[in-house]
Amino acid sequence: MNTPVPADWYLLLSAALFTMGVIGFLSKRSLITVFMSIELMLNAVNLSFVTFAHEWHAVKGQIFVFFVMMVAAAEAAVGLAIIIAIFRVRGTLTVDQIDRMKL
Amino acid sequence: MNEPMLFLPLIALFPFAGFLLNGLFGSRLPKAIVSTIALLFPLLSFAVVARAAWMVHGGMLLPVAESGAPTWIAVGGFHVGFQFVLDQLSLVMLLVVTGVGFLIHLYSVGYMEHEQGYWRYFAYLNLFLFFMTVLVLAGNYLLMFVGWEGVGLASYLLIGFYIDRKSAGDAGKKAFVVNRVGDFGFLIGMFLLIANFGTLNFHRIGTQLAGHPAISGATATLICLCLILGATGKSAQIPLYIWLPDAMEGPTPVSALIHAATMVTAGVYMIARTHALFDLSPTAMMVVAVVGTATAFFAATVAMVQTDIKRVLAYSTISQLGYMFLGCGVGAYSAAVFHLMTHAFFKALLFLAAGSVIHGLSGEQDMRRMGGLRKAMPVTFWTMTAAVLAISGFFPFAGFFSKDAILAAAFQHGTLGKALWTVGLITALLTSFYMFRLWYLTFLGESRGAAHQDGHGDGHAAHAHESPWIMLLPLVVLALLSVTGGWIGIERFAGFLEPVTGQAAMVDAGHTELFLSVLAVLVAALGWFLAHLFFGRDGEAAAQAAQSLAPIRRLLQGKYWIDEIYTALIVRPVQWLARFVLGWLGEWTLVRGSAWLMSGVVGLSGELLRRWQSGNLRSYAAWLAAGAAALLLFALAGTLLGLNGFADSIHWAVR
Amino acid sequence: MHLVLFLIFALFALAGAANLLLQKHPINSALSLIVVMSSLAVLYLLLGAEFLAMAQVIVYAGAIMVLFTFVVMLLNEGREEKTWGSHAARVVGFPAVVALLAVLASAILRAGRHYGMVSLSDGITTTQDLSRVLFRDLLLPFELTSVLILIAILGAVALARKDDGNA
Amino acid sequence: MDGMILSLILVVPLAGMVAILLLPDRGKLPAWIALLDSLLTFVCTLHLPAHFHNQQAGFQFEENLPWLSRPAIHFHVGVDGLSLWLVVLVGLLAPVGVVASWRAVQKNSKVFYAMYLLQQTAMVGVFVSLDLMLYYGFWELSLIPIAVLTAMFGRNLGDGAAGKAALRFFLYTFLASAPLLVALLWLYAHTGSFDYATLQAAVASGTLPGWQLGWVSVAFLIAFAVKVPVLGLHGWLPDLFSEAPVAIAMIAAGKLGLYSLIRFHVELFPALAHRAAPWMIALAAIGILYGAMLALVQKEFWKLLAYATIGSLSFCTLGIYGFTAAGMSGAVLQTVNEGVIGAALFLMFGVLYESARTSRMADFGGLARQTPRLATLFTIAGLALIGLPLLNGFVGEFLVLSGTFVGVSRSWAAIAALGVILSAAYMLGAIQKIFLADGGDQQNGQAGRVARDLTGMETVTVAVLAVLMLAIGVQPTVWTEAMESALQTVTHSMHAQGATPVRMESGTVIASSMGGRQ
Amino acid sequence: MTPDLFRILPEVILTLSGVLVMLADAALEPRADRRPLGWLAALGVTVALGASLWQGSLPAGTAFYGSVQTDAFSTFFHVLICGIVLAAILLSIDALPEGQHHRGEYFALMVFGAVGMCLLTSAVELLVVFIALEISSISTYVLAGYRKDTEKGPESAMKYFLLGSFATAFLLYGIAMIFGATGTTQIPEIATLLPAARSHTLVLLAFALMMVGVLFKVSAAPFHVWTPDVYEGAPTPVVALMSTAPKVAAFALLVRLLYGAFPLLHALWMPLLWIVAILSMTVGNLAALRQQNAKRMLAYSSIAHAGYLLAALAGSGTEPIAAIAFYTAAYAAMNVGIFGLMSLVAGTSERRSTIADYRGVLAESPLAGGLMLLFLISLIGIPFTGGFFAKFYSFSTAMQGGATWLALIGLLNSGIAAAYYLRFAMAVAQPKNGKTAPVGRWGVATVVAIFAAGGATLVLGIAPGWVLHAASTAAQSFASITGF
């Protein structure tokens with residue numbers, strides 16, 4: 001009924017999500033989705049935190065997640081503002097086209 | 001014993017003072033003062049020499065070395081001072097140098113009167129006297145080398161005196177550089193002396209040689225050969241004679257002083273001065289003799305076909321210097337020096353007379369445009385005649401005695417000596433021939449000035465005029481010396497020099513010598529006769545002969561193409577080597593190229609790294625991810641590869 | 001029960017993440033992300049983090065993702081196009097990602113034996129526990145967050161505001 | 001006074017620099033300050049020979065103040081017979097450089113003279129430092145003014161050649177001094193000191209790890225060899241000579257590197273220097289010929305001077321690495337000579353260049369009439385360069401060659417002596433092309449027409465140098481006597497470590513160096 | 001017993017002055033001159049600097065339940081960071097275009113950023129580290145994009161932001177892992193609990209992931225790719241700030257992590273940092289060689305400098321920490337100086353961007369040109385400038401740790417580096433015939449900032465003893481507390 005799950009399954013899921021976030025960062029063409037990939041990575045990390053908090057019976061892990069959320073919110077505000085700013089001057093959000101600075 | 005006060009340094013310093021005064025202020029001084037300075041200081045110098053000579057005559061013992069000579073170079077145990085020594089040999093030389101030198105200064109006042117840079121000329125001339133006296137008075141090789149190089153410098157400056165003429169500059173440069181080749185030998189010779197004797201002092205080397213006569217012949221030969229190279233440079237012998245004909249670009253009095261009477265004899269002087277060493281090396285002696293004889297003959301042949309009056313004299317000088325070398329080479333040092341002295345008289349006279357002719361013809365030097373000057377320039381003619389007779393070896397002119405002495409010595413010098421004597425005798429014939437050729441072409445016959453001129457004014461000969469007295473006076477004095485200079489006789493002369501040059505070589509004076517003397521005079525007469533045959537009349541014979549001997553003539557006129565051969569064999573390869581091997585391969589490819597290669601590789605990798613920066617966010621992320629992966633792998637490699645406990649054993653147990 | 005829930009929501013999360021990657025339109029990606037986040041909220045519950053589960057839904061899925069969708073709408077950016085701006089992303093990035101995942105996974109697997117099992121009822125953290133730590137031990141970070149938020153507001157305003165021509 | 005004089009010599013130029021920086025850039029004001037200041041420095045440097053005790057071994061006028069405690073760096077300065085004349089030489093050349101720049105530098109003279117005086121301090125610092133870190137500091141510092149002033153006041157600014165030359169110079173020397181710093185740090189790590197005497201004792205004691213010490217000495221050697229420059233490492237020199245302003249070019253080569261070779265290679269690592277000597281001798285002897293031959297075919301005077309300099313600096317190297325008393329004192333003397341002669345030639349051709357803006361010798365011709373003072377002094381300097389006896393070049397060359405010939409190797413000495421022939425050829429060729437007629441070709445000599453003669457100040461300056469050439473040439477003992485005791489110390493310490501004069505023949509370079517390794 | 005508040009006094013002052021600037025900004029007329037705000041911010045930072053110095057006199061200790069720790073180490077970096085921010089604010093006062101509004105936010109962001117950076121150097125709780133890092137990062141993200149009407153400004157901010165967050169995610173993951181391995185996030189506790197960690201594999205993983213984040217912040221290769229692009233697009237005074245202050249803070253963090261949390265992994269991170277150091281220097285220097293854009297070139301150079309800094313970690317004992325402290329100080333002085341001058345010379349519109357554009361500066365303005373040369377010379381590492389002693393200490397530390405090869409490679413690298421610095425210097429020195437853009441006006445603020453930087457560069461080069469003493473005190477205090 002209450003079959004326990006090994007903790008490392010959660011960690012594996014976290015690693016998988018983290019990696020998929022990285023893949024998203026590498027492959028998505030739209031700035032917004034790239035940003036979403038980062039959120040995905042943060043979420044993955046959060047899962048690890050919660051898992052470890054559970055394992056250590058330490059509240060700190062959960063509080064960490066709480067702070068990550070706040071940071072994510074702050075980042076989202078700034079990040080989206082940057083995206084808006086870039087859209088204003090470039091008129092596009094395609095990553096591959098925003099490469100004016102190079103070499 | 002009180003040291004006689006000879007004031008030897010003054011002999012050198014007087015002309016130097018003249019040089020400084022004229023050199024620094026001459027351009028702003030009036031000509032008269034320049035001339036006064038220029039004449040006064042050599043005269044003072046001559047006076048000191050004359051005083052010394054008088055004292056010697058009065059029984060003063062030679063050699064005299066001024067004590068307390070200042071140090072020049074002193075490093076470690078090696079020590080060289082400004083040491084002046086007067087002995088019989090240097091006294092003779094000094095008398096010639098300052099005496100003839102002064103006469104030529106005097107002559108120059110007239111000859112150079114209208115030249116630009118009058119002050120400069122005299123400054124150089126005084127500088128020359130300074131260095132020449134240093135050379136002669138030097139008590140060690142290094143100081144001698146100072147004079148040696150210094151006279152070269154003065155010669156360079158005077159040859160290039162006409163700064164508007166490119167050929168003059170070229171000639172000056174050539175003289176200096178060729179002399180430097182000789183100096184190279186001299187330097188190496190000195191180094192060998194230092195290595196073997198630890199000193200460069202003549203006296204001390206002499207003592208050591210006397211103390212250890214067992215110094216290896218090979219060493220002596222090596223040193224001597226090096227010194228010979230030096231001597232051939234300065235004294236214009238094969239293989240380094242080539243600069244002297246070109247040196248005629250200088251003003252004629254310079255040719256008389258430097259390139260006939262004094263400087264070029266420095267090689268002979270040096271060999272005589274070093275004879276103790278040469279005596280140890282028969283090989284070196286043979287080389288000297290052969291080089292001298294070959295040069296004498298060779299130069300005489302070339303002199304036969306020269307048309308430039310000064311060049312004839314230049315080759316003649318080379319030829320006569322060859323005699324002196326021959327003298328040295330057969331051990332007749334005193335004879336060589338004797339000839340050196342008489343040669344100084346008559347060759348200086350020849351040049352000065354030629355200068356007078358050139359002066360009278362407003363600069364014409366080509367004998368083909370001369371002729372018939374006897375009447376226009378009587379004093380010049382008669383003095384010149386005396387000189388021609390002297391050089392050709394007619395009795396009782398000076399040249400007869402000295403040349404005879406050399407040839408006699410050669411004749412008595414074994415088998416090789418006989419051969420050398422033969423060549424020397426033939427050379428005497430040629431000498432006589434080309435000197436009379438010159439005599440005929442210049443003074444006798446008709447004036448040919450008009451025949452050759454190409455529309456630039458009238459023939460020079462028509463306007464020829466005798467030179468002013470100030471030029472004629474030296475001519476007359478030298479003519480007297482050319483006539484009487486030999487009367488002192490070789491025996492007495494050799495006796496006088498004996499303390500320096502050692503035992504005279506000839507032992508068997510008598511019938512043989514008389515025979516040889518007569519033969520020599522006959523040969524000279526034959527030369528005159530031949531010259532008369534070819535040039536004494538209308539020159540048809542000469543033309544015919546020239547026709548029939550065309551190839552030889554071409555060879556001679558081309559001066560055996562020695563200059564060209566040297567250019568092709570030495571100058572060009574050196575330039576080629578410098579330009580292509582060093583310049584292109586060394587400098588461009590190796591030095592620059594390696595730097596370029598390095599900077600190129602670095603720059604290229606920089607460029608590649610720069611291109612890495614694509615500007616694309618995804619690429620950057622990819623690199624970040626790759627870096628992260630690498631870092632993770634690095635940190636975890638041990639653990640993950642299953643090296644269980646790797647991390648634990650290595651990483652934990654560090655402390 | 002725990003296992004089942006875990007499997008289901010883990011699959012949801014993975015599927016959402018995969019969908020995020022596959023979708024061409026940002027709005028679809030955003031919705032997929034919301035799926036991931038919601039699934040994670042459930043997993044948090046499974047791990048006994050009640051408060052976080054709520055916060056996850058409210059803050060993340062609710063606030064942040066709304067912001068995202070809002071910006072997507074605002075900028076009206078259409079489907080993303082297949083552009084080829086980066087070779088490195090494919091040539092270097094994907095091997096790197098594979099390596100990354102491999103390292104992470106194998107490390108976690110190795111470490112896993114040191115960690116226990118998670119069952120539904122153990123170690124539920126109450127908000128009270130949370131706040132005790134938060135407002136005492138971690139007061140400083142908490143206060144710092146205010147500075148962070150302040151900066152975020154300042155920055156967002158500074159960047160997103162449209163300047164007048166002359167200003 | 002004796003205890004402070006070196007600091008004073010170091011500070012006076014710096015004070016002048018500050019004064020120039022603070023005062024306005026109006027007219028000739030910076031130039032005057034620089035001139036007076038450098039003359040003052042020169043007077044200060046003259047204090048050294050005046051109060052120098054020839055017989056006394058070791059360093060004099062020493063000052064030793066702690067600068068940093070950890071790492072232990074001291075402001076430790078002092079001179080001995082080796083550095084004495086070089087300090088004076090730097091003092092002498094400073095006003096010469098100002099005079100040489102008097103007309104050439106018109107714009108931005110403030111920057112120029114400020115940098116110039118900085119260079120002054122740096123060079124003196126190199127010669128007097130007895131703390132290796134302090135030494136290294138001055139050594140590196142001396143690169144900056146040369147590079148900057150070349151870039152700013154160089155000849156061909158338009159096409160960027162000046163900047164490139166400056167860059168090349170800097171990179172060559174800076175890259176080479178990177179291993180030097182590593183070597184210094186290594187020595188410090190093993191001895192805990194940068195003090196010269198301490199390090200010398202440490203090296204001599206043989207307690208330092210051998211093979212690494214070998215590399216340390218090689219690092220020293222390379223850094224200095226580039227600066228000299230020794231043959232093969234001279235890539236920067238021709239360009240710098242062609243591009244740098246006269247006052248800079250005249251101090252760029254020679255002195256610093258040669259001094260460092262003696263002081264910090266031969267004296268510090270006698271045994272290792274001994275092992276390197278066969279190679280250095282071979283390089284030097286070939287360098288003499290190489291430089292002279294290339295000088296022979298140059299068309300531009302600056303290039304000619306560059307290769308001529310390589311030749312005459314090779315003489316110095318040859319003397320140093322023969323380890324003979326004559327050779328070494330000849331080398332030091334020759335270093336001074338090269339400075340004096342080079343300065344004179346640079347100044348004079350600089351005057352010509354400044355008006356004609358070309359250094360092709362063929363563009364001149366027949367200047368002797370137009371610029372008699374220049375022609376005369378130029379000829380004197382040229383003759384000094386090619387080693388005419390009674391002028392300074394001869395004594396140096398003679399001592400080096402005789403030392404090498406007698407003590408080291410006859411064949412290498414003979415090869416080196418061949419240089420005397422070639423040097424005459426190229427120098428006289430240059431004099432002829434510039435000052436004498438060139439065959440009446442009307443196209444030539446255009447540049448010459450705008451040339452001017454030396455001004456009064458320039459004449460006096462060059463005349464002073466010319467008198468000095470004569471003075472050194474006639475009385476070299478005054479100079480060599482002061483070196484004697486220092487050189488004895490050198491040779492003594494070398495003998496103590498088994499480094500006798502190198503005996504070799506040209507064919508045995510490799511053999512002997514192999515043999516030395518066992 | 002020191003009140004907890006004293007331990008974060010500088011941060012409090014900074015926060016308050018930031019808020020004050022914001023409020024004053026709001027109170028000012030829309031069209032009013034905003035420069036007084038800059039002075040206000042500068043005043044706040046100055047007071048904070050004073051407070052940091054005062055903190056140095058407090059006994060070392062922790063506050064807020066072991067969240068922060070102040071000691072000589074944190075004081076050193078606090079002072080340094082406050083100094084940099086102060087200079088950056090002063091540079092900005094004159095550099096931002098006249099009449100541009102919202103400068104209040106700009107100055108406030110700088111001041112708030114300083115809060116994060118300062119805190120980063122004293123934080124011993126990883127949560128505080130994380131928040132402080134985010135504060136400092138977010139403010140610099142925004143500042144980087146401050147010229148949002150240009151094409152490059154937002155792009156710069158975007159790249160910085162996304163890559164920064166990407167790296168932060170790694171750091172955070174690492175924190176999670178270390179939490180999972182040891183059950184704590186307090187640095188001192190980590191060190192003590194490390195041997196008893198649940199899984200050593202996880203520790204290694206955590207360490208590696210955290211290194212990714214920190215090495216990104218110090219822009220060490222191969223995590224450097226963002227640097228040139230971000231510097232190019234950001235306003236120059238901001239570059240002066242963000243090429244120094246966040247890096248200084250990140251190095252302090254790196255030291256804290258390496259010596260404070262992971263001293264046991266010494267044998268692991270030593271070779272790792274060797275590689276990273278060599279890679280950073282080489283990549284940075286080589287890529288800078290052909291660079292034409294001045295700011296990009298200096299960006300690459302800052303990568304190389306990160307390499308030189310990391311080289312010091314090869315040493316043993318407390319030396320590396322002292323060397324890093326000293327190096328960061330010298331590096332800050334010269335980088336602030338050079339970017340300040342570039343800002344002054346290039347003007348607010350940044351009309352000079354390539355190196356060739358700087359041709360003739362020395363002739364145009366000997367003062368500006370001369371100072372530029374000074375800073376470039378210092379960057380090359382010529383003696384009697386701060387840059388020399390910085391390199392000297394770094395490499396001599398490495399040598400004493402036995403890393404001769406590292407020192408050799410590093411110094412050869414600095415030889416290569418000389419090429420591009422000098423190319424810049426040559427350009428500055430070479431006169432230009434054509435028309436040159438005039439050098440900007442020397443405002444009081446600029447003069448103070450640049451002269452302070454120049455003075456610091458010279459003092460660090462001629463009399464480094466004082467700063468070195470402070471640095472080694474910092475190192476020793478750090479060592480005595482962490483007890484490694």
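Proteins get letters first, then strands, A, B, ... in listed order; numbering begins at 1 in each. Scope of the values below: all heavy atoms of this structure, side chains included, with no hydrogens, waters or symmetry mates.
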Kindly check if the number of other-residue, nucleotide or ligand heavy atoms within 6.0 Å of OH (B/Tyr560) is above 12?
yes
With a 6.0 Å cut-off (strictly less than), is the heavy-atom count around CH2 of B/Trp561, excluding the residue itself, greater than 12?
yes
If you compare all heavy atoms of B/Ala629 against all heavy atoms of C/Ala96, which two are closest, and at what distance to 0.1 Å?
CB-O, 3.7 Å
Heavy-atom neighbours of B/Tyr566 OH exceed 12 at 6.0 Å
yes
Give the member of C/Val97, C/Leu100, C/Leu101, C/Val91 that has the highest number of heavy-atom pairs under 4.5 Å with chain B.
C/Leu100
Quick one: what part of B/Ala626 sits under 4.5 Å from any heavy atom of chain C, side chain, backbone, both or neither?
both
In this structure, are over 12 heavy atoms from other groups packed under 6.0 Å from B/Trp584 atom CH2?
no
